[in-house]
Amino acid sequence: MASIIVMSGTQKGNYYPLGHRTNVVGRDEGLLIQILDEHISRKHMQIGFDKDKGQYYALDMKSKHGVFINGSKIDNETALADCDQIHIGQTDLLFTEKDFADGESALSYYKKVGERIRPTMID
């Protein structure tokens, strides 16, 4: 299975296991993946799983500010790959194909990914 890890904002470090159901991400309080960011629509994007292809995908739900994957705005259903960075509102999310036993495992993984994407410092 896969997970989403919040990489920035007040919920930084939170993780959400995705399963194979369709998940809606937004700021609506009734959503399983609620992100508290005033620039995120109530129902901002959808993350689903295509059983036939064995692939997760993201879909912008006509949000005001859009959905960006690895810096590119998406207009259609877009396949997700391990370690894709999703930007919605003013919040960054990390998509990973990994599943975690608990929040501590997810946070540890997030920190390792953060170390890999840190730029090299040149003296």
Side-chain angles (χ1 to χ4, degrees):
M1 289 205 231
S3 302
I4 290 288
I5 301 173
V6 181
M7 296 175 53
S8 67
T10 58
Q11 293 169 268
K12 182 177 179 176
N14 285 5
Y15 88 104
Y16 301 92
L18 296 174
H20 287 166
R21 65 190 176 281
T22 297
N23 294 276
V24 176
V25 180
R27 63 175 167 55
D28 187 277
E29 65 185 34
L31 298 177
L32 293 175
I33 304 177
Q34 181 190 30
I35 307 294
L36 302 174
D37 175 336
E38 64 186 22
H39 293 94
I40 292 179
S41 301
R42 284 182 188 82
K43 293 182 179 175
H44 198 97
M45 81 169 173
Q46 201 175 75
I47 297 177
F49 183 74
D50 184 327
K51 290 180 184 176
D52 295 333
K53 295 179 182 176
Q55 177 76 50
Y56 284 89
Y57 64 87
L59 177 67
D60 188 345
M61 297 179 74
K62 300 180 182 174
S63 64
K64 184 176 180 179
H65 298 288
V67 175
F68 297 81
I69 298 177
N70 300 325
S72 298
K73 186 173 183 179
I74 66 168
D75 295 317
N76 301 310
E77 197 172 273
T78 302
L80 292 169
D82 194 37
C83 292
D84 274 351
Q85 292 188 27
I86 303 169
H87 182 80
I88 56 174
Q90 295 181 333
T91 302
D92 293 310
L93 308 171
L94 175 70
F95 170 81
T96 177
E97 294 177 346
K98 298 185 183 319
D99 194 20
F100 303 101
D102 54 33
E104 195 171 311
S105 303
L107 188 57
S108 175
Y109 179 79
Y110 160 72
K111 288 178 180 177
K112 287 178 185 172
V113 168
E115 289 171 5
R116 287 198 305 259
I117 60 176
R118 231 182 294 163
T120 302
M121 300 300 285
I122 300 173
D123 295 324

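Heads up: numbering here begins at 1 and tracks the sequence.
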Could you give the distance from CG (D50) to NE2 (H20), rounded to the nearest 0.5 Å? 11.0 Å
Look at the side-chain heavy atoms of Ile, Leu, Val, Met, Phe, Trp and Tyr, link any pair under 4.5 Å apart, and say whether I69 and L59 land in one connected group. no
Atom pair OH (Y16) and CG (L93), whose distance is rounded to the nearest 0.5 Å: 9.0 Å
Straight-line distance of E38 CD to Q90 CD, nearest 0.5 Å: 6.5 Å
Just by distance, do the side chain of T91 and the backbone of G9 share a donor-acceptor pair under 3.5 Å? no
Do L31 and I5 land in one hydrophobic cluster if side-chain heavy atoms of ILVMFWY residues count as linked below 4.5 Å? no
Consider side chain to side chain contact (heavy atoms under 4.5 Å, CB included). Of I88, T78, V67, which one does D60 pass it with? V67
Taking the side chain as everything from C-beta on, heavy atoms only, tell me whether Y57 gets closer than 4.5 Å to T22. yes
What are the two closest heavy atoms between M7 and L94, and how far apart are they? SD-CB, 3.2 Å
Under a 3.5 Å distance rule, please check whether H44 uses its side chain to pair with a backbone N or O of V24 as donor and acceptor. no
Residue pair E29 / Q34, side-chain heavy-atom distance below 4.5 Å: yes
Donor-acceptor pair, side chain of E97 and main chain of A81, under 3.5 angstrom: no
Between H65 and D37, is a side chain to side chain contact (heavy atoms under 4.5 Å, CB included) present by the stated rule, with each step listed? CA-CA 12 Å; H65 298 288; D37 175 336; over 6 Å; no
Do I40 and V25 come within less than 4.5 Å of each other through their side chains, counting heavy atoms only? no
I4 versus I86: any side-chain heavy-atom pair under 4.5 Å? yes
Is it the case that one hydrophobic cluster holds both F68 and M61, taking links as side-chain heavy atoms less than 4.5 Å apart, direct or via other members? no
Does D75 reach the main-chain N or O of K73 with its side chain, forming a donor-acceptor pair under 3.5 Å? no
Kindly give the heavy-atom pair with the smallest separation between S41 and K64, and that separation in Å. OG-N, 3.4 Å
Treating Ile, Leu, Val, Met, Phe, Trp and Tyr as nodes and any side-chain heavy-atom pair under 4.5 angstrom as an edge, say whether V6 and L36 lie in one connected cluster. no
Do Q85 and N70 come close enough that some side-chain heavy atom pair is under 4.5 Å? yes
Separation between NZ of K43 and CG of D28, rounded to the nearest 0.5 Å: 6.0 Å
Do the side chains of L18 and Y56 get nearer than 4.5 Å, heavy atoms only? yes
